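Just follow the structure's listing: the first ligand is 1, and inside any ligand the first atom is 1. Keep in mind that this is a model prediction, so the values were computed, not measured.
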Amino acid sequence: MLVLVINCGSSSLKYQLLEMTTETLMAKGLVERIGNEGSVINHETIGKEKYVLTTPMEDHNAAIGHVMDAITHPEHGAIKELSEIKAVGHRVVHAGEKYANSIIINDDVIAALEECAELAPLHNPPNLAGVRACERLMPGVPNVGVFDTAFHQTMRPEAYLYAIPYEMYEKHRIRKYGFHGTSHKYMAIEAAEMLNIDVNDLKLITCHLGNGASVSAIKHGRSVETSMGFTPLEGLVMGTRCGDLDPSIVTLLAEKLGVGLDKVTDILNKESGVLGISGISSDFRDLEEAMEEGNKRAELALKIFAHRVRFYIGAYIAEMNGVDAIVFTGGIGENDAYMREVICANMGNLGIKLDKEKNKVRGKQTMLSADDSKVKIMLIPANEELVIARETDELVKKA
Ligand code: ADP
């Protein structure tokens, strides 16, 4: 069965076409600058030459139209007819408390997700625009929603509630939701397979370290804690996001800078994190290069990043009363051997020992821990699209 996976951002769209009997990637691509001048689609059918088309695309509907043209292109395409695609899986960021699992989208689901849009104003509207475009352009083909928040719905109230008046939760749904759920779930499934142990018998700490970064504690296959919160701003220090912060700083900053709270939110989301500390870049490659050249603030930014990850690892070991494996993924988790080494340093008393030689690796599923490390350390490259395709395939087959 062929499944199309779509991940719509506000002005971009990533897609993959997968054949699910063998889980084979057939084509993939990226549309950028949707609704802006210079809209462009970069398409690649596996085994064929890449295809780039710059053409106006005023909205997601137009973008998905071009995706479909590219997939069925006589020369560059992967299939002859759109009707070969049996289902579309959509990444949807926020499902609030409504859905703890993926679901086939109908009008009721769309209404529920529209209600969640105020919780993710930047993400849910484009995600839903993608769903509507597919409904229009591929009538009768089921659309499945796979939610970033769903995997974390297993957290208990003591983990997800903030200590603010309870009515704020009841009235405004203010609680920890957590994100990157699809990625954390994928790491858990793959780690269990690699270890050849049932996921229900494992305690895992999964670290998704990219521009956006989060850590999760996964006990017996269920997310029990995660570092992102009501929004993806909480938790780890990120490329440009501050992560955990004393909330009084927000009002103080507004006062000191003489700006509104919107501007402060902007600073905390876009001008903070390792970019804010270093004053150089949000990219860890730039920071490591600068550190090697003696830049102290770049070094400090990297140290602060690692410190916060270690802080969460420690907390999650306490929360689960131990850990069997720590898993790394995301642009930094997969590629940055230096950062993995700093994060895992000096934790021998907790049974965590990285093998520095094995750690000299990038983007490959592999074991990084020393043979005598009680806790396994693993690298598992992210593949959120495959999880979305699997869940779409399963749900549509069952329906
Ligand atoms: P996103 O959250 O945008 O999906 P990614 O998971 O793609 O982010 O991660 C992007 C980040 O990964 C870059 O900003 C960079 O800091 C880091 N990164 C990528 N490759 C390397 C590398 N070789 N060494 C160190 N850091 C890297």
of all protein heavy atoms, closest to atom 26 (N) of ligand 1 is F284 CB, 3.6 Å
Residues passing the salt bridge (Lys or Arg N to Asp or Glu O under 4.0 Å) test with R362, sequence neighbours excluded, are none
Checking V5, I71, I46 against L17 for side chain to side chain contact (heavy atoms under 4.5 Å, CB included), the one that qualifies is I71
Check: Within less than 4.0 angstrom of ligand 1, does R362 place any heavy atom?
Finding: yes
Here the atoms of ligand 1 under 4.0 Å from any heavy atom belonging to G330 are 6 (O)
Discussion item. Quick one about T45 and H43 (side-chain donor to acceptor, distance below 3.5 Å, no hydrogens or angles considered), yes or no?
Written reply: yes
Candidates G333, G212, G331; heavy atom nearest atom 19 (C) of ligand 1 found on G331
protein heavy-atom neighbour closest to atom 24 (N) of ligand 1 works out as R285 CG, 3.4 Å
Once you measure the plane-to-plane angle for H76 and H73, does it fall in the parallel (<30°), tilted (30-60°) or perpendicular (>60°) bin? tilted
Self-check item: Between F230 and Y162, ring centroids under 6.0 Å
Solution: no
Parallel under 30°, tilted from 30 to 60°, perpendicular over 60°: which one fits the rings of H94 and Y177? perpendicular
Min over N211, L209, N335 of heavy-atom distance to atom 11 (C) of ligand 1 lands on N211
among protein heavy atoms, the one nearest atom 17 (C) of ligand 1 is I332 CG1, 3.6 Å
Within 4.0 Å of some non-hydrogen atom of D283, the atoms of ligand 1 are 13 (C), 14 (O), 15 (C), 16 (O)
